[in-house]
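What you are looking at is a predicted structure, and each value in this text was computed from that prediction instead of being measured. Here is the naming used below: chain letters follow the sequence lines, and residue numbers restart at 1 for every chain.
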Protein chains: 2
Amino acid sequence: MFSQAEENYLKNIYSLHSEVNKSVNTNLLATKMNTKPSSVTDMLKKLAVKDLVDYKKYQGVSLTDKGEIIALKVIRKHRLWEYFLVEKLHYNWEEVHEIAEQLEHIKSESLTNNLDSFLHFPKFDPHGDPIPDKNGRIPINNAICLLDLKVGNLGILNSVKDSSKSFLNYLNKKNIALGDRIKIIDMEEFDNSIHIETRTHHMVLSKDVAKNLYLKHFK
Amino acid sequence: MFSQAEENYLKNIYSLHSEVNKSVNTNLLATKMNTKPSSVTDMLKKLAVKDLVDYKKYQGVSLTDKGEIIALKVIRKHRLWEYFLVEKLHYNWEEVHEIAEQLEHIKSESLTNNLDSFLHFPKFDPHGDPIPDKNGRIPINNAICLLDLKVGNLGILNSVKDSSKSFLNYLNKKNIALGDRIKIIDMEEFDNSIHIETRTHHMVLSKDVAKNLYLKHFK
DNA sequence: ATATGCTTTTAGATATATCTAAATATTTAT
DNA sequence: ATAAATATTTAGATATATCTAAAAGCATAT
Ligand SMILES: [Mn+2]
Ligand SMILES: [Mn+2]
Ligand SMILES: [Mn+2]
Ligand SMILES: [Mn+2]
């Protein structure tokens, strides 16, 4: 039905849209997808013709209902496969995103749903991201970015925004994992670095790390 | 490393080669791959440049060692995924080939080997075809085509050559499955149809059916 | 309100994988 | 041995997805 390239555009438009909450612009999408703005423009025209995105020259792009349905299906497959890789094949959380980038494009509704059932309908992937159900519904996730908390707040690490090997290996090295209790000891105005306390350690995280950590149940 | 198109050519050259036991010709490959002879010629040139096939104009094609290694990896993945789909996701044997056509192109050696281990290193796929191990070794399978047996011979259905939905649904309807005992009651010279007896039924199979059935342990 | 710079689009090129139609080589039959 | 039939390749076209370089639109700062 849709090519891998098209599916990747839809997926990335979806995820940028949920970050910026307004129509996504060409350069941002190009950066995110590691391609050139001119390539993005070409593809957006094509997706617009297929009624998958709303796109007007120079005005940015957003998904149509039809486009969002496709995006959510790809995201559902991506996260289900990641869960499979960790739970059944014993991969670590830093190894699975790359492989799931391929598996997310396998076309078979029945495969997706049978996999879901085999895994007992998991609600979250190994990075804490919610898995859309077969109707495209996602549990709302009110986790808050570590950067937006205040000194003294306490929370449980709920999810990571960056699923790259390099970021997750950094967390591994620092012994930080999903579910960890994190307390904010201090925030440095100058560089937005954050001094935190976990159950076992004290450490200072840079802004670039903190912006990818999302917490829940804080107070 | 290699595109899906290239992998599909290598796989099909491999399987035709093991059928005809001489270099594979353009038209045969075109028919098998549902494409045109001119497309085949184009691709063979490309594969020859990459040293994956030996190809001389008008002389047919065969795999180089390098090409055979790739082909066996694709076949290994295809059959492991088929086994997974049947054993873990409870698909029927007629449903899995199509999905495996996609899964066979996922690129990750570790995924293939972890899947193999998760499945406890199966030796045969749901159609009775041998699964190459991680070194590309295949258990030799001396099953014999039903067409090549004689009246009075007795055997166990070992594998099917055609894994298409339509053929396997035909076998389902006739209540024929791998492992069934089959005895040859009569062979009709005129149209090569074969009268067989299973544990429960008598039936007549056409030549087109019989040529896709392979038996073992006959006498 | 206009010039400057940033963003976006267009024009034209490249690479892959296909196709149809025409040309050429090989095989087979007379 | 030649002609006819068949198989294969070439030439030229199409579709997708990308790129670079140049042109055009938009935002904003003086
Ligand atoms: Mn991921
Ligand atoms: Mn992808
Ligand atoms: Mn198969
Ligand atoms: Mn394939």
Report yes or no: do [X] and [Y] form a side-chain donor-acceptor pair below 3.5 Å?
| X | Y | value |
| --- | --- | --- |
| A:Asn113 | A:Arg76 | yes |
| A:Lys216 | A:Ser159 | no |
| B:Asp208 | B:Ser206 | no |

query: Between A:His97 and A:His127, how do the two ring planes meet: parallel, tilted or perpendicular, split at 30° and 60°?
result: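 Correct class here is perpendicular.
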
Considering only NZ, NE, NH1 and NH2 on the basic side and carboxylate oxygens on the acidic side, decide whether [X] and [Y] come within less than 4.0 Å.
| X | Y | value |
| --- | --- | --- |
| B:Asp129 | B:Lys161 | no |
| A:Glu98 | A:Lys165 | yes |
| B:Glu7 | B:Lys73 | no |

Length of the line joining [X]:[atom1] and [N]:[atom2], which is rounded to integer Å:
| X | N | atom1 | atom2 | value |
| --- | --- | --- | --- | --- |
| B:Lys45 | D:dT9 | NZ | C1' | 7 Å |
| A:Asp42 | C:dT10 | CG | P | 9 Å |
| A:Met33 | D:dT18 | CE | P | 7 Å |
| B:Lys50 | C:dA15 | NZ | P | 13 Å |
| A:Met43 | D:dT16 | CE | P | 10 Å |

Side chain to side chain contact (heavy atoms under 4.5 Å, CB included) against A:Gln4, all qualifying residues, sequence neighbours excluded: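 Per chain and number, A:Gln4 pairs via side chain to side chain contact (heavy atoms under 4.5 Å, CB included) with A:His105, B:Gln4.
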
task: Compare side-chain N and O positions of B:Lys57 against OP1 and OP2 of C:dT26 and report whether any pair is under 4.0 Å apart.
output: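 The answer is no; no side-chain N or O of B:Lys57 sits under 4.0 Å from OP1 or OP2.
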
query: In chain order, what residues pass the side-chain hydrogen bond (donor to acceptor under 3.5 Å, both in side chains) check against A:Tyr170, with sequence neighbours excluded?
result: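 By the side-chain hydrogen bond (donor to acceptor under 3.5 Å, both in side chains) rule, A:Tyr170 matches no residue at all.
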
message: Going by side-chain hydrogen bond (donor to acceptor under 3.5 Å, both in side chains), name the pairs with one or both residues in residues 47-64 of chain B, residues two or more places apart or in two chains.
response: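 Qualifying pairs: B:Glu6-B:Lys50.
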
Listing time: all N or O pairs from protein to nucleotides 20-24 of chain C that are below 3.5 Å?
| unit_1 | atom_1 | unit_2 | atom_2 | d |
| --- | --- | --- | --- | --- |
| C:dT20 | O4 | B:Ser38 | OG | 2.9 |

task: Verify the ring-centre separation between A:Tyr83 and A:Phe118: is it less than 6.0 angstrom?
output: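 No, too far apart.
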
message: Heavy-atom nearest nucleotide on DNA chain C for A:Tyr55 versus B:Asn34: which residue maps closer to 5'?
response: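 The residue mapped nearer the 5' terminus is A:Tyr55.
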
field: Positions of residues 17-31 of chain B (non-hydrogen atom under 4.0 Å from DNA chain D), listed by number
entry: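 B:Asn25, B:Thr26, B:Asn27, in order of number.
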
query: Between residues 3-11 of chain A and DNA chain D, which residues have a heavy-atom gap below 4.0 Å?
result: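 Heavy-atom cutoff 4.0 Å gives A:Ser3, A:Ala5, A:Tyr9.
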
